[in-house]
Amino acid sequence: CRRIPVGGQVVMSDRKGPVLIELDDAPDQGPAAAPPVPDLDLPAPTGRAMQTVATLAARKPSRLARFFWASLLSLLGFVISLAAWNFVTALLAANPVLGWIATGLIGAFLVAALLVALREAASFFSLSRLDGLQRAAATALATGDLKAAQKVSDDLMALYRARPDLRLGREAVAARQRDVFDADTALHLVEDQVLRPLDAAARAEVEAAARQVATVTALVPLALADVVAALTANLRMIRRIAEIYGGRAGTLGAWRLTRTVITHLVATGMVAVGDDMLEPIIGSGLVGKISRRFGEGVVNGALTARVGVAAMEVCRPLPFRKATRPSVTGLVRRALSGLFSKGDAK
């Protein structure tokens, strides 16, 4: 016998098994009756990784820090040189054969260090050459000096003489150079025939770097992984852009060039991306609705594109005049094509 409470009264029942009691006034407890999930007012993505990279690259060491590192490196170099000298002289006295082997190895290391130093010096020289050509071109355009513009054109042809991919452009410039009678047309001819394929290659590098930074930021949840990926991708991108335009960016030269580009962006306040820039890329109103991690990836990719455009302006031997300056929004849209559909909030 089972006791079942119904309506405040206890009813005795001999039935075995489950008992179903229908309640007429019970509220609907289905999924449709659940209250809607509130819209979380999350802060907009800010591109933390690229902000960190910009801060690290643009920060200038203090005089005390430079003095400390210079004195430390000098002390280490002196100690290592003295230890190597004592080691070699002692080994020569004890065993001349092994002593001469050690001397040869140390000599080979010094030759390698000298070659690395020469390569770095050559990289600084090539970057300064591009900078000098850009300044000379700007001066020729500002003054309208045809002879100065032709000298810049000749220097550019000499710079790209060993580039077989630019042979057709050089031949077109040489064939039409006699028909040019003003500075603007002379430099526009070089820009159109020689620099156009270089601009396309540089834009491809920027798009690849922006895609890589956005993907790593969105998909890799490890701490500082986005910062490391953004730093390495931007360094490699700036180095490749310099090489495309004829500069040999070594390790120190690439870092110096990176600092120049980032410092320019920080000074002009272009290291921040807001909804006004992201909405043309991923659709209006979608910025606050995508996942936080994915939004950070898009912002970091957009900031990488901005760094790439600035690197193109710094490394390009001629300023953008007739050719259209690359659009950051267009670069990011092409780099992240397939990830977003404009206006589509699926």
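Positions are given from 1 along the sequence. Here the structure is a predicted model, which means the values were calculated and not measured.
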**Message:** Can you list everything that forms a side-chain hydrogen bond (donor to acceptor under 3.5 Å, both in side chains) with T185? Sequence neighbours excluded, please.
**Reply:** D182
**Asked** Passes side chain to side chain contact (heavy atoms under 4.5 Å, CB included), V206 versus I241? Steps please.
**Response** CA-CA 8 Å; V206 175; I241 290 175; 3.8 Å; yes
[Y] backbone acceptor or donor facing [X] side chain under 3.5 Å:
{"X": "T89", "Y": "W85", "result": "yes"}
{"X": "T217", "Y": "A214", "result": "no"}
{"X": "N86", "Y": "L82", "result": "yes"}
{"X": "Q134", "Y": "R316", "result": "yes"}

For the atom pair [atom1] ([X]) and [atom2] ([Y]), what is the distance rounded to the nearest 0.5 Å?
{"X": "M312", "Y": "F320", "atom1": "CE", "atom2": "CZ", "result": "4.0 Å"}
{"X": "Q193", "Y": "S153", "atom1": "CD", "atom2": "OG", "result": "11.0 Å"}
{"X": "D184", "Y": "H188", "atom1": "CG", "atom2": "NE2", "result": "8.0 Å"}
{"X": "E207", "Y": "R211", "atom1": "CD", "atom2": "CZ", "result": "6.5 Å"}
{"X": "Q150", "Y": "L189", "atom1": "CD", "atom2": "CG", "result": "11.0 Å"}
{"X": "C315", "Y": "L198", "atom1": "SG", "atom2": "CG", "result": "12.0 Å"}

Can you give the donor-acceptor pairs under 3.5 Å from side chains of residues 103-119 to other protein atoms, not counting sequence neighbours?
residue	atom	partner	partner atom	Å
T103	OG1	G99	O	2.8

**Fill in**
Sequence neighbours excluded, the answer for side-chain contact (heavy atoms from CB on, under 4.5 Å) partners of I80 is none
**Request:** Sequence neighbours left out, what passes side-chain contact (heavy atoms from CB on, under 4.5 Å) with V79? Give chain and number order.
**Result:** L75
Indicate the atoms forming the closest heavy-atom contact of [X] with [Y], along with that distance.
{"X": "P319", "Y": "E191", "value": "O-OE2, 3.6 Å"}
{"X": "V213", "Y": "A229", "value": "CG2-O, 4.2 Å"}
{"X": "A233", "Y": "A209", "value": "O-CB, 4.2 Å"}
{"X": "W100", "Y": "L92", "value": "N-CD2, 3.6 Å"}
{"X": "A183", "Y": "L146", "value": "N-CD1, 3.9 Å"}

**Request:** Carefully, step by step, assess N234 and T304 under the rule side chain to side chain contact (heavy atoms under 4.5 Å, CB included).
**Result:** CA-CA 7 Å; N234 279 267; T304 301; 3.7 Å; yes
**Asked** Do L91 and V97 sit in the same hydrophobic cluster, where Ile, Leu, Val, Met, Phe, Trp and Tyr count as joined when their side-chain heavy atoms come under 4.5 Å apart?
**Response** yes
**Request:** Apply side chain to side chain contact (heavy atoms under 4.5 Å, CB included) to the pair L318 and L156, showing each step before the final yes or no.
**Result:** CA-CA 9 Å; L318 296 181; L156 277 173; 3.8 Å; yes
With a 3.5 Å cut-off and sequence neighbours excluded, list the donor-acceptor pairs that the side chains of residues 162-174 form with protein atoms.
residue	atom	partner	partner atom	Å
R163	NH1	I244	O	3.2
R163	NH2	I244	O	3.3
R167	NH1	E171	OE2	3.1
R170	NH1	Y160	O	2.7
R170	NH1	R163	O	2.7

**Distance-only donor-acceptor check, side chains Q212 and R236, under 3.5 Å** = yes
**Asked** Would you say the side chain of L159 lies within less than 4.5 Å of the side chain of L130, judging by non-hydrogen atoms?
**Response** yes
Would you tabulate the side-chain donor-acceptor contacts of residues 135-144 under 3.5 Å, counting partners in other chains and residues two or more places apart, or write 'none'?
residue	atom	partner	partner atom	Å
R135	NH1	D131	OD2	2.3
T139	OG1	R135	O	2.9
T143	OG1	T139	O	2.8

**Prompt:** Under 4.0 Å between a Lys/Arg side-chain N and an Asp/Glu carboxylate O for K151 and D155?
**Reply:** yes
**Prompt:** Would V152 and V190 count as a side chain to side chain contact (heavy atoms under 4.5 Å, CB included) if you check the C-alpha gap in whole Å, the side-chain angles of each, and the deciding distance to 0.1 Å?
**Reply:** CA-CA 10 Å; V152 172; V190 178; over 6 Å; no
